[in-house]
Amino acid sequence: GNSVTQMEGPVTLSEEAFLTINCTYTATGYPSLFWYVQYPGEGLQLLLKATKADDKGSNKGFEATYRKETTSFHLEKGSVQVSDSAVYFCALSGGYNKLIFGAGTRLAVHP
Amino acid sequence: DTGVSQNPRHKITKRGQNVTFRCDPISEHNRLYWYRQTLGQGPEFLTYFQNEAQLEKSRLLSDRFSAERPKGSFSTLEIQRTEQGDSAMYLCASSPPDPTGELFFGEGSRLTVL
C-alpha cells in the first residue's frame, strides 16, 4: 500500500543554517506530494506541494522536488529562522484525495 | 473565511464513557475528512465524506466509532465506550469540490481517556 517515510527528529539547527528533511514514498501510480507544517499550538497547514514528476514546490523559502526515480520529496531551506521551528509532515495523496502522512520531523532552530 | 472549526478543543473522560466531537468545515467545501494523531506520529486517516455520503472508512475505525455528516454540512465523530487507547488528537479537514489536493485542517480535538 501507499506509505511515506521521513527522517526522524528532532533536527536542531542554528539560525541561518541549511535545512534538509528527507522524505521517501511508496505508491502505486503517480500521487501528488505535499509538505505540511504544524507550528506550536496551531493546526496543520500546507507548506508546499508538487503534482507530477520533476515539479518543484516552493513557499516561504522552502523547496522540494518530486523525484520519481528515487521516490523522494526532500524538503530544503537555505537559511532557517527561529520562526521555522515546527513539526514538518511529508504526505502523499491517495484515493479521494485523502492524504497519507509520514510520522513528522520536529525542527528546532536556535538563535 | 473562518476556517475549519472543531469542538470541543479538549475532552477529558473516564473509560467507558461516550464522547462526541463536532467539525464545521469551510462553508463551500463538500469534502470532509477525519484523522487521528497520536503523540509523535503523523495523522492517520479515519473516514471521508463527500457531501452527506460517507465514502470511505479506515480499518482503524472500529465499531465503537461512528461518524455522520447530516445535510452535508457539519460532521460529528462519536466514540462509544471509550478506552485509554482512544486518547489522541482528532483532526478534521475539508477540501473544495474541485480539489487541488490541499486539505484545510482544523486545530483538532484532544481526547484524554482516564
Side-chain angles (χ1 to χ4, degrees), chain A residues 1-11 21 23-27 29-52 55 57 59 64 66 73 75 86-107, chain B residues 1-7 9-10 23-26 29-51 53-61 67 69 88-110:
Chain A
N2 295 345
S3 66
V4 175
T5 302
Q6 57 183 110
M7 65 187 286
E8 290 188 18
V11 174
I21 300 178
C23 171
T24 57
Y25 67 91
T26 301
Y30 303 100
S32 294
L33 300 174
F34 305 82
W35 278 99
Y36 275 76
V37 59
Q38 190 169 34
Y39 298 104
E42 299 184 15
L44 281 162
Q45 54 187 278
L46 179 68
L47 180 60
L48 55 84
K49 68 179 183 183
T51 58
K52 60 183 187 296
D55 267 3
N59 186 27
Y66 190 142
F73 193 55
L75 183 68
V87 182
Y88 292 81
F89 294 93
C90 185
L92 63 82
S93 61
Y96 297 122
N97 284 328
K98 73 173 186 246
L99 296 180
I100 297 166
F101 288 88
T105 302
R106 181 175 299 277
L107 170 66
Chain B
D1 182 357
T2 57
V4 178
S5 176
Q6 292 189 245
N7 288 288
R9 294 291 309 281
H10 195 180
C23 171
D24 288 272
I26 295 171
H29 289 184
N30 69 333
R31 298 177 177 219
L32 187 146
Y33 307 78
W34 284 99
Y35 283 80
R36 180 171 68 188
Q37 185 178 19
T38 53
L39 197 63
Q41 298 299 314
E44 297 174 295
F45 171 78
L46 292 179
T47 191
Y48 160 68
F49 289 87
Q50 184 162 315
N51 300 311
Q54 187 174 22
L55 297 185
E56 187 174 350
K57 292 197 301 185
S58 164
R59 286 171 293 177
L60 294 174
L61 214 63
R69 193 182 182 198
M89 180 75 85
Y90 291 86
L91 301 173
C92 179
S94 67
S95 71
D98 182 21
T100 61
E102 179 179 2
L103 300 189
F104 296 79
F105 282 85
E107 295 184 350
S109 293
R110 181 171 296 283

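Reminder, nothing fancy here: chain letters follow the sequence lines and each chain counts from 1.
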Check: Looking at B/Glu44, B/Gln50, B/Gln37, which makes the most heavy-atom pairs under 4.5 Å with chain A?
Finding: B/Gln37
Check: Ring centres of B/Tyr33 and B/Phe105 under 6.0 Å apart?
Finding: no
Check: Where the side chain of A/Tyr88 meets the backbone of A/Leu75, is there a donor-acceptor pair that is under 3.5 Å apart?
Finding: no
Next item on the list: Please determine, among A/Phe101, A/Phe34, A/Phe89, the option with the most heavy-atom pairs under 4.5 Å with chain B.
Entry: A/Phe101
Next item on the list: May I ask you to decide if A/Ser32's main-chain N or O and A/Ser93's side chain share a donor-acceptor pair within less than 3.5 Å?
Entry: yes
Check: Can you check whether B/Gly108's main-chain N or O pairs, donor with acceptor, with B/Arg9's side chain at less than 3.5 Å?
Finding: yes
Note to self: Among A/Leu99, A/Val87, A/Thr51, which residue has the highest count of heavy-atom pairs closer than 4.5 Å to chain B?
What the structure shows: A/Leu99
Checklist line | Heavy-atom contact with chain A under 4.5 Å, split by part of B/Leu55 | finding: both
Margin query: When you compare the side chains of A/Thr105 and A/Glu8, does any donor N or O come within less than 3.5 Å of an acceptor on the partner?
Written below: no
Note to self: Less than 4.5 Å to any heavy atom of chain B: does that hold for the side chain of A/Lys98, its backbone, both, or neither?
What the structure shows: both
Checklist line | Engaged part of A/Gln38 at the chain B interface, taking heavy atoms whose separation is under 4.5 Å | finding: side chain
